[in-house]
Amino acid sequence: MAGEAQTTRERLIEAATQEFAAHGIAGGRVERIARSARSNKAQIYYYFGSKEALFDAVFEALVVKATQEIPMDPGDLPGYAGRLFDGYEELPEVSRLAAWYRLERAERHRPVQSIISSSLDKIDAIEKAQKSGLVPDHFTATDLLTLVLTLAATWTAQTPEYHFVAGKSSRGQRRRLVTDSVAALLAAPPRSRSLEGGGLDRPSGKAVDTGWPRPVPAAGATASRTAPDA
């Protein structure tokens, strides 16, 4: 009986993944989910309690799946970015669900603990690699992980119109741009270390004062530089 219940839950999550990726939470319909899962609305509410809770279960399942299937090796951050890129290409519903989550759920919902734990583990691993000399430290671990994640999702985040303007590059070319960009981040320190000491102060997420913007000089006063290096 327990096995049958687990199978039903898995079918509902699989069907809900496609429904929410296409329509979001507000546009998703439990009737369609139930029909696609060969189930019924009563079972959705029995196992999950609400449509919103079902979305949360879908989103958390994706996070767990990504953490298990795309582990981060701090000694090979370009490779990690490339594998994330592959995941976005092969499972486009991941980026769609993440977008719906940011739009409809994030501000009104408790943080997903599995995402927090996974992110903190990655930051700690990068920090240890920096202390051992395996990874350069011209970016903080938090900033470096942020850049890697952003670059990995670069192509996924663009509009269809931009893809048209950018031309029809192959998947291999797009992937190489991602991995080469991460490698370039690691190769040499940036010209300006304006982010040094910046980023996020874990675990509160409170922004750290980076000293910018700087005070505007009084009238008639001169300043050798009023902006950070380009």
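In summary, Arg174 and Glu89 engage in a salt bridge, as defined by a charged side-chain N under 4.0 Å from a carboxylate O. Classification of Asp86 and Arg171 as a salt-bridged pair holds, one side-chain N sitting under 4.0 Å from a carboxylate O.
Linking ILVMFWY residues whenever their side-chain heavy atoms come closer than 4.5 Å, directly or via other members, places Ile123 and Ile70 in the same cluster. Residues Val178 and Leu144 fall into different hydrophobic clusters, defined by Ile, Leu, Val, Met, Phe, Trp and Tyr side chains chained together at heavy-atom separations under 4.5 Å. Under a hydrophobic clustering in which Ile, Leu, Val, Met, Phe, Trp and Tyr are joined whenever their side-chain heavy atoms come within less than 4.5 Å, directly or via other members, Leu147 and Val135 fall into the same cluster. Note: the hydrophobic cluster containing Phe85 does not contain Leu97 (ILVMFWY, side chain heavy atoms under 4.5 Å, direct or indirect links). In terms of hydrophobic clustering, with Ile, Leu, Val, Met, Phe, Trp and Tyr side chains grouped at heavy-atom distances under 4.5 Å, Val64 and Tyr101 are assigned to different clusters.
Taking every heavy atom of both residues into account, Leu134 and Gly75 meet most closely at CD2-CA, 3.7 Å. Contact record, Ala98 with Phe59: CA-CE1, 3.8 Å, taken as the closest heavy-atom pair. Between Lys51 and Ala26 the shortest heavy-atom distance is NZ-O, 3.7 Å. Nearest heavy-atom pair, Ser170 versus Gln173, reported as atom, atom and distance to 0.1 Å: N-OE1, 2.8 Å. Pairing each heavy atom of Gly82 with each of Thr179, the nearest pair is CA-CG2, 3.7 Å.
Rounded to the nearest 0.5 Å, atoms OG1 (Thr156) and CG (Leu91) are 11.0 Å apart. Atom CD1 of Ile44 sits about 12.0 Å away from atom CZ of Arg9, to the nearest 0.5 Å. Rounding to the nearest 0.5 Å gives a distance of 10.0 Å between CZ of Arg29 and CD1 of Ile33. Atom CG of Leu62 sits about 9.5 Å away from atom CD1 of Ile13, to the nearest 0.5 Å. With values rounded to the nearest 0.5 angstrom, Gln6 atom CD is found 11.5 Å from Arg11 atom CZ. Between Leu77 atom CG and Lys122 atom NZ the span is 11.5 Å, to the nearest 0.5 Å.
Using a 4.5 Å cut-off on side-chain heavy atoms (C-beta onward), Leu185 and Leu151 make contact. You'll find the side chain of Tyr80 reaches within 4.5 Å of the side chain of Leu149, heavy atoms only. When side chains are defined from C-beta on, Asp121 does not count as touching Met72, because their heavy atoms never get closer than 4.5 Å. In this structure, Phe20 and Leu54 have side chains that are in contact, with non-hydrogen atoms separated by less than 4.5 Å. Within the 4.5 Å cutoff, side-chain heavy atoms of Leu186 are placed close to those of Pro78. Within the 4.5 Å cutoff, the side chain of Phe55 has no heavy atoms near those of the Phe48 side chain. Between Ile25 and Trp100 the shortest side-chain heavy-atom distance does not fall below 4.5 Å.
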Next item on the list: Go through Thr159 and Phe164 one step at a time and tell me if the side-chain contact (heavy atoms from CB on, under 4.5 Å) criterion holds.
Entry: CA-CA 9 Å; Thr159 63; Phe164 176 80; over 6 Å; no
Checklist line | side-chain contact (heavy atoms from CB on, under 4.5 Å) between Arg35 and Asn40, worked out | finding: CA-CA 7 Å; Arg35 185 166 58 249; Asn40 56 66; over 6 Å; no
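The stretch residues 70-84 participates, sequence neighbours left out, in no salt bridge (charged side-chain N to carboxylate O under 4.0 Å, His left out) pair at all. Counting only residues at least two apart or in different chains, side chain to side chain donor-acceptor pair (under 3.5 Å) contacts with residues 12-23 comprise Glu19-Arg32.
With hydrogens and angles ignored, the 3.5 Å screen pairs a side-chain donor or acceptor of Gln130 with a backbone N or O of Phe139.
The side chain to side chain contact (heavy atoms under 4.5 Å, CB included) test with Ile115 is passed by exactly one of Ser118, Ser117, Ser119: Ser119.
Ring orientation note: the planes of Trp155 and Tyr162 are tilted relative to one another, at an angle of 30° to 60°.
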